[in-house]
Amino acid sequence: MSLLVVGLSHRSAPVSVLERAALNADAQTKLLHDTVAAEPATEAAVLATCNRIELYADVDKFHAGVAELSTLLAQHSGVGLEELTPYLYVHYEDRAVHHFFSVACGLDSMVVGEGQILGQIKDSLARAQDLHTAGKLLNDLFQQALRVGKRAHSETGIDRAGQSLVTFGLEQLAAGGDVQRWAAGRRALVIGAGSMSSLAAATLARAGVAEIVVANRTFDRAERLAGILQEADDNAVTARAVRMNAVPDELTRADVVVSCTGATGLVLTAESVAQAVEGRTGQPAVTEPAVTAVKPEAPQPAAADENCPLDLAAAQPGFSVLGEAAVAGMDAATLEQHATWAAGGTTDRRPASGRTTETPEADAELITALAATAATVGRIPERRRPEPVAERPAPVVFLLDLAMPRDIDAAVHRLAGVRLVDIESLAEASADAPMAADVDQVRRIVSDEVAAFGAAMRAAHITPTVVALRTMAADVVAAEIARLHGRLPDLDDRQRGEIRQAVHRVVDKLLHAPTVRIKQLAAEPGGTGYADALRTLFDLDPETVASVSRAEDSTETKDRPA
């Protein structure tokens with residue numbers, strides 16, 4: 001059996017796809033049951049966070065396993081397989097272990113070095129154990145991943161390379177300024193009472209907000225979190241709990257809102273946020289247009305040229321006949337003809353508003369590039385340059401959406417007086433975040449741990465075969481001793497014991513060197529074939545080997561993640 005992981009994350013898929021593919025708790029449970037029920041897989045675990053969905057399985061066939069796991073992910077996520085497939089990645093055996101250990105260390109996180117992933121891995125293992133879908137391989141893998149992640153954080157400065165998603169999100173809300181100075185004295189509303197919401201509330205409290213209101217569908221959990229915040233010694237925040245139906249009123253009073261729930265639909269619509277802004281400022285929240293079209297200028301006669309393939313009478317006003325608007329919608333052949341004509345330089349080159357190319361050579365290069373695009377996609381859509389957008393007013397409400405799928409309508413981005421930071425904008429902001437030097441040290445730790453884990457797994461793979469071999473040898477010795485006793489009935493007990501010990505010593509010495517050496521060889525990459533060779537050479541019964549494996553699994557204590 002071999003480890004296989006199929007998944008998608010912020011590195012392979014846009015947020016819109018991750019959002020649609022998000023799995024709630026019930027969907028994860030069903031996915032695990034269906035995976036172990038499928039033919040190629042015997043074990044399964046799901047790691048589902050705000051920016052990744054990964055299915056881990058122990059499979060006996062690679063291609064069948066990839067096909068089955070991909071299909072199951074598509075079925076349970078609700079995203080069609082054809083649409084989901086381009087965003088999926090697959091890791092197998094040592095590469096799967098390397099990927100998972102990198103994830104555990106925070107190297108694959110949206111914010112490099114964040115430590116929340118360890119808690120999410122711990123929860124994933126606990127779920128698989130509760131559902132009895134995690135066997136020896138996944139138990140060992142997840143336990144080791146937790147140890148590797150803790151080692152990375154304790155032995156390196158990876159914590160300096162990044163922060164939690166919450167801290168990073170608050171920094172984005174503060175526009176890169178000091179979070180404590182930005183948060184001091186503000187009123188905060190936290191929607192949700194899970195691990196991420198609790199972390200957000202604690203972070204806001206330490207940052208110096210004056211009040212935190214916790215809203216949750218289960219009111220008891222909201223009260224519990226508010227009580228913890230109120231009693232904490234490291235802050236002076238006032239905290240209280242409200243029910244979800246009180247959110248509209250609290251939204252009007254809140255300066256900062258953090259939302260991270262498990263809801264499948266929107267928790268805050270653009271309309272509700274606009275109403276809150278209006279209730280707060282007394283002025284309607286203006287929705288800023290996404291794109292403002294250029295106002296047409298007075299028609300200008302285009303220069304005539306009998307060789308120009310354009311219909312000059314229909315050329316867009318305000319642009320040179322060599323510009324982008326002039327060639328919008330042309331097919332590839334006409335564009336190429338137009339580029340050739342433009343290179344000749346026989347027309348009026350009045351610079352148009354917003355144009356950056358004013359030479360024949362630059363125009364020709366632009367149009368040639370457009371021609372290449374048109375050859376690929378067929379036609380080029382009309383492009384109009386927008387007018388400059390007025391500077392946004394200072395925000396009066398700050399929103400942080402850490403949920404996947406999103407809790408807050410993306411249209412809120414266009415509301416004046418509001419700053420929204422969500423998973424998508426966090427991904428964009430973190431793409432250019434600098435990597436600390438400690439990351440290289442963590443990568444070395446991951447490589448060492450992957451090699452050690454692989455060696456241990458390969459050695460463990462051959463152990464049942466070695467045990468079966470020694471069991472067979474012991475059975476042969478026992479049978480021959482019994483036969484000897486039948487032939488020499490006059491031997492006393494002391495003599496029988498001496499003979500038995502001598503035969504056992506001979507067998508042990510003959511088997512010692514080969515079994516030690518084969519364990520060493522099996523621990524090396526590609527060494528799993530030695531178990532098959534041993535079974536063939538000594539004609540070991542496959543069922544005997546399998547029974548040893550089952551016995552080991554049944555006696556092994558499956559510890560809960562620490």
Side-chain angles (χ1 to χ4, degrees), residues 1-4 39-43 58-62 92-94 97 132 134-141 143-144 449-559:
M1 304 298 283
S2 301
L3 177 66
L4 174 67
E39 181 179 348
T42 58
E43 302 180 33
D58 187 6
V59 300
D60 59 359
K61 298 174 183 176
F62 172 72
Y92 189 55
E93 295 188 328
D94 284 352
V97 177
H132 305 290
K136 177 175 173 51
L137 175 61
L138 292 186
N139 270 285
D140 289 347
L141 176 71
Q143 293 283 2
Q144 186 67 17
E449 292 285 355
V450 169
F453 184 83
M457 289 295 100
R458 287 186 289 270
H461 178 73
I462 204 168
T463 297
T465 303
V466 172
V467 172
L469 173 61
R470 288 190 170 275
T471 301
M472 183 192 74
D475 291 342
V476 170
V477 170
E480 291 302 319
I481 293 294
R483 185 179 294 110
L484 181 63
H485 290 170
R487 292 177 179 177
L488 302 173
D490 296 334
L491 293 175
D492 56 32
D493 291 341
R494 184 185 65 80
Q495 292 171 327
R496 294 176 189 273
E498 289 289 343
I499 294 173
R500 186 182 303 109
Q501 288 182 7
V503 175
H504 276 295
R505 281 196 297 270
V506 170
V507 172
D508 287 341
K509 287 182 178 181
L510 287 173
L511 291 181
H512 175 72
T515 53
V516 169
R517 182 58 180 151
I518 202 167
K519 286 182 179 180
Q520 294 172 343
L521 293 171
E524 297 175 359
T528 53
Y530 287 102
D532 296 332
L534 199 64
R535 287 192 293 270
T536 301
L537 287 171
F538 288 90
D539 196 23
L540 298 177
D541 183 3
E543 180 56 34
T544 302
V545 177
S547 66
V548 175
S549 299
R550 288 193 294 269
E552 287 184 347
D553 289 344
S554 65
T555 57
E556 179 179 306
T557 302
K558 295 179 179 178
D559 297 328

Run the side-chain contact (heavy atoms from CB on, under 4.5 Å) check on Arg470 and Thr515 step by step: do they pass? CA-CA 9 Å; Arg470 288 190 170 275; Thr515 53; 3.4 Å; yes
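Shown are Val59, Leu141, Asp58; of these, the side-chain contact (heavy atoms from CB on, under 4.5 Å) with Leu3 is made only by Leu141.
Judged by distance alone, with hydrogens and angles left aside, the side-chain atoms of Gln495 form a donor-acceptor pair with the main-chain N or O of Asp492 at under 3.5 Å.
Between Lys136 and Glu43, the closest heavy-atom pair is N-OE2, 3.4 Å. Closest approach of Ser2 and Leu137 over heavy atoms only: C-CD2, 4.3 Å. The two residues Leu138 and Ala134 have their closest heavy-atom pair at CB-CB, 4.3 Å. For the pair Ala473 and Val507, the tightest heavy-atom approach, listed with the atom from each and the gap, is CB-CG1, 3.7 Å.
With rounding to the nearest 0.5 angstrom, the CG atom of Leu510 is 13.0 Å from the CZ atom of Arg505. Atom CG in Leu469 sits 5.0 Å away from atom CG in Leu511 (nearest 0.5 Å).
You'll find the side chain of His512 stays beyond 4.5 Å of the side chain of Lys509, heavy atoms only.
Applying the side chain to side chain contact (heavy atoms under 4.5 Å, CB included) criterion to His485, with sequence neighbours excluded, gives Ile481, Arg496, Arg500.
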